[in-house]
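For reference, the structure is listed below as structure tokens.
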Amino acid sequence: MASNRHLGRIIVLQSLYEYEFRTKAGDETADIDTIVAKDIEPYTKALGDTQFVYQLAEGVSQKFDELDQDLQPMAPEWPLSTIAAVDRNVLRIGLYELKHCGETVPPKVAINEAVELAKEFGSDNSSKFVNGVLGTAFRELYGEAAARPPQPDTPKEQNGEEKAEETGGAAA
């Protein structure tokens, strides 16, 4: 059975939300693995790859402070403490995958998945906000050139001369 990573990310978001809420409330019994186990249980068969869920939830939860420090300059007008908890955790998941999962999750997939989570669980503008912040993170991590679409190699291709040569007439 193929794994369903999108469903896995939904479970991770739900688990991180609960974990953050409980730790901020002073609940010393909050444990990310226990929370994930409870949240994942109804979906184990549909998921296939439960290890992905545990690893992502554990990785993100262990790096809350680091991820928050990295995210804050990318959205300077919005202190992370004022961002909705759902959006904050979507951003953490997306940034974690960009920074630490590049071998298994392509960067654009990480961004797209975070945007989809924001559309499903955030407010009306959450997906645009998440896309903007993670787009900035992508450019910072992978460079400005990686964020631009590939450009044609030769000047001929850019001005249409090659097309004209192929058709024997003016460029289309």
Side-chain angles (χ1 to χ4, degrees), residues 2-25 30 32-33 35-44 46-144 146-149:
S3 69
N4 185 338
R5 289 195 165 190
H6 182 70
L7 176 58
R9 287 181 181 93
I10 291 171
I11 295 166
V12 170
L13 177 60
Q14 178 181 352
S15 299
L16 290 173
Y17 182 92
E18 179 180 341
Y19 178 73
E20 180 183 22
F21 182 83
R22 288 176 57 186
T23 55
K24 283 187 174 184
I32 192 65
D33 288 332
I35 294 168
V36 170
K38 172 186 60 75
D39 291 343
I40 205 172
E41 195 263 322
Y43 306 102
T44 304
L47 275 172
D49 184 8
T50 58
Q51 182 180 0
F52 168 77
V53 177
Y54 282 99
Q55 287 176 339
L56 184 58
E58 183 75 25
V60 174
S61 66
Q62 287 179 351
K63 297 195 178 290
F64 271 0
D65 291 338
E66 173 191 320
L67 294 168
D68 290 355
Q69 286 176 357
D70 290 346
L71 285 166
Q72 189 55 67
M74 295 176 203
E77 297 86 27
W78 297 96
L80 285 175
S81 62
T82 65
I83 295 173
V86 169
D87 295 347
R88 185 172 44 251
N89 283 296
V90 168
L91 286 169
R92 288 171 176 160
I93 292 168
L95 184 59
Y96 180 84
E97 287 193 298
L98 281 174
K99 289 181 72 174
H100 302 286
C101 301
E103 291 180 19
T104 57
V105 179
K108 295 205 176 181
V109 170
I111 294 170
N112 287 339
E113 284 290 325
V115 168
E116 288 303 313
L117 289 173
K119 283 180 184 176
E120 290 178 58
F121 301 103
S123 67
D124 290 342
N125 294 319
S126 294
S127 62
K128 292 176 187 174
F129 178 70
V130 166
N131 190 49
V133 173
L134 293 180
T136 299
F138 177 79
R139 287 188 296 278
E140 287 183 11
L141 292 168
Y142 294 96
E144 201 63 42
R148 289 192 302 264

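Remember, it's a predicted structure, so these values are computed and weren't measured experimentally. Throughout, numbering of the chain's residues begins at 1 and tracks the sequence.
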Ser15 (side chain) donor-acceptor with Ile11 (main chain) under 3.5 angstrom: yes
Minimum heavy-atom distance between Ala37 and Tyr54, given as atom pair plus value: CA-OH, 3.2 Å
Side chain to side chain contact (heavy atoms under 4.5 Å, CB included) partners of Glu120, counting only residues at least two apart: His6, Ile10, Glu116
Tyr43 atom OH, over 12 foreign heavy atoms within 6.0 Å: no
Matching residue for Phe129 among Val133, Asn125, Asn131 - test: side chain to side chain contact (heavy atoms under 4.5 Å, CB included): Val133
Distance-only polar pair, side chains of Glu18 and Gln14, donor-acceptor under 3.5 Å: no
Side-chain (Gln72) to main-chain (Leu80) donor-acceptor, under 3.5 angstrom: yes
Leu13 CG to Leu117 CG distance, which is reported to the nearest 0.5 Å: 5.5 Å
Listed partners of Glu20 passing side chain to side chain contact (heavy atoms under 4.5 Å, CB included), at least two apart: Lys24, Phe64, Ala85, Arg88, Asn89, Arg92
Distance (rounded to the nearest 0.5 Å) between Gln69 CD and Lys63 NZ: 11.5 Å
Non-neighbouring partners of Asn112 that pass side-chain hydrogen bond (donor to acceptor under 3.5 Å, both in side chains), sequence neighbours left out: none
Gly94 to Ala110 - nearest heavy-atom pair and separation: O-CB, 4.2 Å
Main-chain N/O of Ser61 paired with Tyr96 side-chain donor or acceptor, under 3.5 Å: no
